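First up is the structure itself, then whatever we jot down about it.
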Amino acid sequence: MFADNVLLVTIVAAFLIAVLIGPLFIPVLRRLKFGQAIREEGPQSHQKKAGTPTMGGTIILMALIFTVLKFANINAEILFLMLVTLGYGLIGFLDDYIKIIRKRNLGLTAKQKFTGQLLLAVGAYYLLVQMGHDTTLHLPGTPWKLELGLLYFPFLLFLLVGTTNAVNITDGLDGLLAGTGAIAFGAYAIIAWISQDYDTAIFSAAVVGAVLGFLVFNAHPARVFMGDTGSLALGGALAGIAIMTKTELLLAVIGGVFVVETLSVILQVVSFKTRGKRIFRMSPLHHHFELTGWSEWRVVVTFWLVGIIFAGLGVYLEVVAMR
């Protein structure tokens, strides 16, 4: 009976740990004055959020670690997932810490952050080589495969760095990333379980529970922000799970919200630099809807619903490909 319900048990366990840690950890962040600095160029309505405790992603990571150690077998796959999750989380932690100490919205420079992300991706590739990881790509919804060989290396770098930054960009409203993240990881828990990749499924379920537990404190009005500690860690975990389940291309579907958010930033920059005009009132896209008059909660719930559609489509495509 336990084996049949292990994913549900994992989710509940991670959720409860996060909910129990939150009330203990958030006051510590307040006492240490680990408050969020709000960028001046963002929506003016966000300025009132200045000083809200950040680095709350630590709550997610603690709940995740405890739950995975309890329910998953500690094998090469889990070690790889821990490496990319905690590794990118550490980069985010350094970024958050510098922001707090210097009391500004800029932590690590773009070059420093990118270098760290790139080096970690290289380390992840080395570990995959030692594991004898398959270097083929599966076309979503089809039985077709493409062998990349040595080209898998640059592809992996793009996947890890791109995903972590895309997820990070999405973390701009109370509960936005926590909700869309839980949905995406939930889809991957189902896919991994169907594929009989049980440890990856348990890891995914642990992330779902940890993020939902964090959402209790992060829903509007947020009592704590996850910071880059959480957003980069979740991005690393999401990319890592896609790699383990050999659904690297399907990630663009399941994480469709993150892709759209990133494209909105790219299109905005390109349009402004080439035509001197902005496509959106502000990017990422969630800020555009805010400035059109939508309430923050309406934007977040809408993005959650879109995330459910993308996740459902991703699961459907993977199930079709298995037939």
Side-chain angles (χ1 to χ4, degrees), residues 1-22 24-25 55-93 120 123-124 127-128 130-131 133 160 163-164 167 177-178 181-218 226-227 229-247 251 254-255 311:
M1 179 65 69
F2 173 76
D4 294 337
N5 298 318
V6 65
L7 291 187
L8 179 59
V9 172
T10 301
I11 291 172
V12 172
F15 174 84
L16 291 176
I17 292 173
V19 169
L20 290 173
I21 291 175
L24 301 176
F25 194 68
M55 298 175 74
T58 310
I59 297 171
I60 298 172
L61 294 178
M62 287 191 288
L64 172 64
I65 292 170
F66 290 145
T67 309
V68 169
L69 290 177
K70 173 64 178 178
F71 294 107
N73 296 308
I74 307 305
N75 50 32
E77 288 75 15
I78 290 297
L79 291 176
F80 173 81
L81 292 173
M82 284 295 196
L83 169 68
V84 292
T85 302
L86 299 180
Y88 282 109
L90 177 59
I91 294 173
F93 180 88
L120 186 54
L127 182 56
L128 288 174
Q130 301 308 307
M131 293 166 57
H133 188 68
L160 281 166
T163 302
T164 51
V167 172
L177 178 54
I183 293 164
F185 284 106
Y188 267 116
I190 295 171
I191 288 173
W193 190 263
I194 293 174
S195 304
Q196 298 183 349
D197 189 352
Y198 299 124
D199 288 312
T200 300
I202 290 171
F203 184 92
S204 303
V207 180
V208 173
V211 171
L212 289 178
F214 175 76
L215 183 58
V216 171
F217 312 103
N218 182 239
M226 69 171 68
T229 304
S231 61
L232 290 183
L234 291 179
L238 195 61
I241 293 169
I243 293 166
M244 286 295 97
T245 54
K246 294 306 303 173
T247 56
L251 176 57
I254 293 176

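In what follows, residues are counted from 1 in the order of the sequence shown. All values derive from a computational prediction rather than experimental measurement.
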- Who pairs with L160 by side chain to side chain contact (heavy atoms under 4.5 Å, CB included), at least two apart in sequence or on another chain? V84, Y88, A121, A124, L156, A239, I243

- Message: Minimum heavy-atom separation for I202 and A72, please, with both atom names.
- Response: CG2-CB, 4.0 Å

- Task: Would you mind reporting whether T163 and V167 have side-chain heavy atoms less than 4.5 Å apart?
- Result: yes

- Message: If you compare all heavy atoms of L61 against all heavy atoms of A233, which two are closest, and at what distance to 0.1 Å?
- Response: CD2-CB, 3.8 Å

- Task: Specify the closest pair of heavy atoms between A178 and F214, including all atoms of both residues, with the distance to one decimal.
- Result: CB-CD2, 4.4 Å

- Query: What are the two closest heavy atoms between A210 and A18, and how far apart are they?
  - Reply: O-CB, 3.7 Å

- Message: Once ring-ring contact (aromatic ring centres under 6.0 Å, His included) is applied, do any residues pair with F25, and if so which ones, sequence neighbours excluded?
- Response: none

- Item | Heavy-atom closest pair, residues I183 and A311 | CG2-CB, 3.6 Å

- Take H133 and K246 through the test side-chain contact (heavy atoms from CB on, under 4.5 Å) and record every step on the way to the result. CA-CA 10 Å; H133 188 68; K246 294 306 303 173; 3.7 Å; yes

- Item | Steps toward side-chain contact (heavy atoms from CB on, under 4.5 Å) verdict (L128, M244) | CA-CA 9 Å; L128 288 174; M244 286 295 97; 3.5 Å; yes

- Rounded to the nearest 0.5 Å, what separation is found between the CG atom of L64 and the CD1 atom of I59? 13.5 Å

- Could I get the full list of side chain to side chain contact (heavy atoms under 4.5 Å, CB included) partners for F15, not counting sequence neighbours? V19, L212, V216

- Query: Do V207 and L238 touch side chain to side chain, with heavy atoms closer than 4.5 Å?
  - Reply: no

- Separation between CZ of F185 and CD1 of I254, rounded to the nearest 0.5 Å: 11.0 Å

- Item | Nearest-0.5 Å distance, CG of residue L234 to CG of residue L177 | 5.5 Å

- Message: Show me the pairs that pass salt bridge (Lys or Arg N to Asp or Glu O under 4.0 Å) and involve residues 189-210, at least two apart or across chains.
- Response: none

- Task: Please assess T58 against I21 for the test side-chain contact (heavy atoms from CB on, under 4.5 Å), listing each intermediate value before the final yes or no.
- Result: CA-CA 10 Å; T58 310; I21 291 175; over 6 Å; no

- State, yes or no, whether a side-chain contact exists between V208 and Y188 at a heavy-atom distance under 4.5 Å. no

- Query: From T200 OG1 over to I78 CD1, what is the distance, rounded to the nearest 0.5 angstrom?
  - Reply: 5.5 Å

- Atom of A14, atom of A206 and distance for their closest heavy-atom approach: CB-O, 3.3 Å

- Message: According to side chain to side chain contact (heavy atoms under 4.5 Å, CB included), who are the partners of L8, at least two apart in sequence or on a separate chain?
- Response: V12

- Note on the structure: The side chain to side chain contact (heavy atoms under 4.5 Å, CB included) partners of I190 (sequence neighbours excluded) come to I194, V315

- Note on the structure: The reported gap from CG in L16 to CD1 in I11 (rounded to nearest 0.5 angstrom) is 12.0 Å

- Note on the structure: Here the gap from F71 atom CZ to T10 atom OG1, rounded to the nearest 0.5 Å, amounts to 5.0 Å

- Task: Apply the test side-chain contact (heavy atoms from CB on, under 4.5 Å) to residues V6 and Y198: give CA-CA distance (whole Å), side-chain angles for both, the deciding distance (0.1 Å), then the verdict.
- Result: CA-CA 10 Å; V6 65; Y198 299 124; over 6 Å; no

- Taking N73 for the side chain and N75 for the main chain, is one N or O donor matched with an acceptor at less than 3.5 Å? no

